[in-house]
Amino acid sequence: MTSELTALTLAALVQVAQFMLFAGQANSDLTINYTLSPRDTPPAKPMSKITARLGRALNNHFEALVLFTIAVVVVILGQKSSPVTVTCGWVYLAARILYVPAYAFGWQPWRSLIWTVGLIATTVMLVAALL
């Protein structure tokens with residue numbers, strides 16, 4: 001497996017870990033009875049600030065993972081793998097791992113800077129695939 005595909009696989013596992021972390025927190029905040037329900041009514045109490053942030057970080061990674069997946073696919077199928085694309089894959093992965101605590105704990109301006117690093121890594125991969 002190429003390094004870019006390995007980074008993509010690990011990024012997907014980060015997504016799974018994020019989901020599990022968020023779900024555990026949501027079950028704790030909202031109660032398991034509510035989270036197992038069809039949620040036709042609002043919860044009796046809101047999620048904690050950290051749980052809500054974990055949910056937003058999870059959704060953000062779903063969005064970012066789409067672009068990163070496209071970047072990896074075009075690099076691999078276009079046979080454009082290079083030290084640049086490999087480095088970008090690992091930078092993206094590191095950024096997404098750091099993004100979770102940065103968002104959960106409200107690290108300003110680091111959360112936005114970390115997000116930007118991940119986007120730049122993905123963009124560089126896409127451009128490298130065209131060259």
Side-chain angles (χ1 to χ4, degrees):
M1 183 179 331
T2 67
S3 292
E4 296 91 346
L5 285 172
T6 300
L8 177 59
T9 303
L10 292 173
L13 290 173
V14 167
Q15 184 77 344
V16 170
Q18 278 186 261
F19 178 76
M20 291 171 37
L21 183 61
F22 170 68
Q25 288 290 122
N27 284 336
S28 176
D29 287 356
L30 305 176
T31 75
I32 193 88
N33 288 333
Y34 179 77
T35 58
L36 289 175
S37 76
R39 300 181 203 141
D40 293 331
T41 60
K45 63 178 187 162
M47 289 186 285
S48 70
K49 188 180 289 188
I50 288 181
T51 304
R53 288 176 180 173
L54 287 171
R56 291 191 299 272
L58 175 67
N59 288 334
N60 182 275
H61 194 200
F62 275 118
E63 295 165 0
L65 196 54
V66 169
L67 284 176
F68 183 65
T69 300
I70 292 168
V72 170
V73 167
V74 297
V75 164
I76 299 306
L77 292 181
Q79 298 179 333
K80 295 291 188 161
S81 182
S82 70
V84 169
T85 62
V86 169
T87 300
C88 286
W90 294 117
V91 167
Y92 172 86
L93 181 63
R96 292 317 305 190
I97 291 169
L98 289 172
Y99 187 78
V100 177
Y103 206 137
F105 299 120
W107 298 345
Q108 294 178 346
W110 304 110
R111 177 190 62 88
S112 295
L113 293 172
I114 292 166
W115 178 87
T116 301
V117 167
L119 179 63
I120 289 170
T122 301
T123 304
V124 169
M125 285 183 78
L126 289 165
V127 172
L130 292 173
L131 301 177

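As a basis for the values below, the full set of heavy atoms in this structure was taken, side chains included, without hydrogen atoms, waters or symmetry mates. Numbering of residues begins at 1 and proceeds along the displayed sequence.
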CH2-CD1 distance between Trp115 and Ile120, expressed to the nearest 0.5 angstrom: 9.0 Å
Could you pull out all residues at least two apart from Pro101 that satisfy side chain to side chain contact (heavy atoms under 4.5 Å, CB included)? Phe105, Trp107
According to a 4.5 Å side-chain heavy-atom criterion applied to Ile, Leu, Val, Met, Phe, Trp and Tyr, with indirect links allowed, do Met47 and Leu21 form part of one hydrophobic cluster? yes
Pair up each side-chain donor or acceptor in residues 62-74 with any protein partner under 3.5 Å, not counting sequence neighbours, and list the distances.
from	atom 1	to	atom 2	distance (Å)
Thr69	OG1	Leu65	O	2.7

Cluster membership besides Val117, Ile/Leu/Val/Met/Phe/Trp/Tyr side chains within less than 4.5 angstrom, sorted by chain and number, is Val91
Go through the structure and list residues passing side chain to side chain donor-acceptor pair (under 3.5 Å) with Asn59, not counting sequence neighbours. none
Provide the closest heavy-atom pair for Ala7 versus Gly89 in the form atom of the first, atom of the second, distance. CB-O, 3.6 Å
Roughly how far, to the nearest 0.5 Å, is the CG atom of Leu58 from the CD atom of Gln18? 5.5 Å
Donor-acceptor contacts under 3.5 Å from residues 123-131 side chains, at least two apart:
from	atom 1	to	atom 2	distance (Å)
Thr123	OG1	Leu119	O	2.8

Whichever hydrophobic residues join Ile97 through chains of side-chain contacts under 4.5 Å: Leu10, Leu13, Val14, Val86, Trp90, Leu93
Spacing of Leu30 atom CG and Thr35 atom OG1 [to the nearest 0.5 Å]: 7.0 Å
Contacts satisfying side-chain hydrogen bond (donor to acceptor under 3.5 Å, both in side chains) that involve residues 70-82 (not counting sequence neighbours) are Glu4-Ser81
Residues pairing under side-chain hydrogen bond (donor to acceptor under 3.5 Å, both in side chains) where one sits in residues 42-54, two or more places apart or in two chains, turn out to be Gln25-Thr51, Asp29-Ser48, Asp29-Thr51, Ser48-Thr51
Side chain to side chain donor-acceptor pair (under 3.5 Å) partners for Asn60, two or more places apart: Arg96
With clusters built from Ile, Leu, Val, Met, Phe, Trp and Tyr whose side-chain heavy atoms come within less than 4.5 Å, directly or transitively, what are the remaining members of the cluster of Met20, listed by chain and number? Val16
